[in-house]
Amino acid sequence: MSEKTVLVISAHSADFVWRCGGAIALHQEQGFDVTVVCLSYGERGESAKLWKDEGASLEGVKAARRKEAENAAKALGAHEIEFFDLGDYPLEMDRQGKDRLVDVIRRVQPAFMLSHSLDDPYNTDHPYATRMALECRMIAQAWGHKPGEKVLGAPQLYLFEPHQTEQCGWKPDTILDITEVWDKKRAAIECMEGQQHLWDYYTNVAENRANQFRRNSGGQAGGRAARYAEAFQSIFPRTVDQL
Ligand SMILES: [Zn+2]
């Protein structure tokens with residue numbers, strides 16, 4: 001594993017694609033190894049199209065969602081993808097699940113982490129995943145948890161974009177230019193055959209965030225000509241030597 005690593009914690013198996021697929025592809029190209037953890041397949045709540053097939057079963061839907069997510073991770077060049085298969089709607093994590101996530105966090109030792117918004121009245125699995133990310137980050141930092149293991153430092157947790165930002169109380173403070181890896185993100189999006197209704201929606205989101213990237217990087221006074229971008233809200237303060 002590379003020394004520079006990233007950990008994505010996704011409630012369902014497609015969230016990482018829409019919300020931070022560009023960040024995954026871009027950091028892989030920059031020499032980071034990105035690990036994606038899908039806490040569930042989103043088999044019950046985010047697979048309506050698959051359930052409309054005659055003879056659809058829970059195991060069949062889960063297998064289809066897993067295949068889609070694996071293909072998407074490959075399209076993005078992600079280092080690895082791991083499925084916890086905890087179930088969705090509702091997503092629930094017991095002590096064993098938390099220990100498993102702490103093990104992943106300590107093994108990866110990410111430079112930064114990515115997960116969902118802190119609130120989401122449409123989808124309570126999303127903020128639940130973020131609460132688990134924060135809780136397991138905390139446990140991974142504790143010297144008294146599995147003494148002798150390498151404890152975690154203080155990686156930033158970036159919250160990626162929810163579907164309806166205002167209702168989720170999500171306010172971005174970081175915009176990432178993903179223009180050079182857009183083709184990879186769009187290819188990953190198109191792996192999500194069960195959610196075709198979102199393909200163009202998240203393309204539009206990326207174009208709008210790019211407009212804001214241009215505005216915030218100098219606008220008409222010389223802003224960078226980004227065409228696609230992703231936005232994030234950070235949780236922790238940055239420690240800097242220069243503003
Ligand atoms: Zn989701």
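One-based numbering, in listed order, for ligands and for the atoms of each. These figures come from a predicted structure and were not determined experimentally.
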Original post:
Which of the N/O/S atoms in H12 sits closest to the Zn ion (ligand 1)?
Top reply: ND1
Subject >> the Zn ion (ligand 1) reached by H116 (N, O or S, under 2.8 Å) >> reply: no
Original post:
Aromatic ring centroids of F112 and H27 under 6.0 Å?
Top reply: yes
Original post:
Which of these, H163, E207, R186, sits in a side chain to side chain donor-acceptor pair (under 3.5 Å) with Y202?
Top reply: H163
**OP:** Using the Zn ion (ligand 1) as the apex, give the angle to atoms OD2 (D15) and OE2 (E46), rounded to 10 degrees.
**Re:** 160°
Subject >> W170 side chain to L159 backbone, donor-acceptor under 3.5 Å >> reply: yes
Original post:
So does Q220 have more than 12 non-hydrogen atoms from other groups sitting under 6.0 Å from CD?
Top reply: no
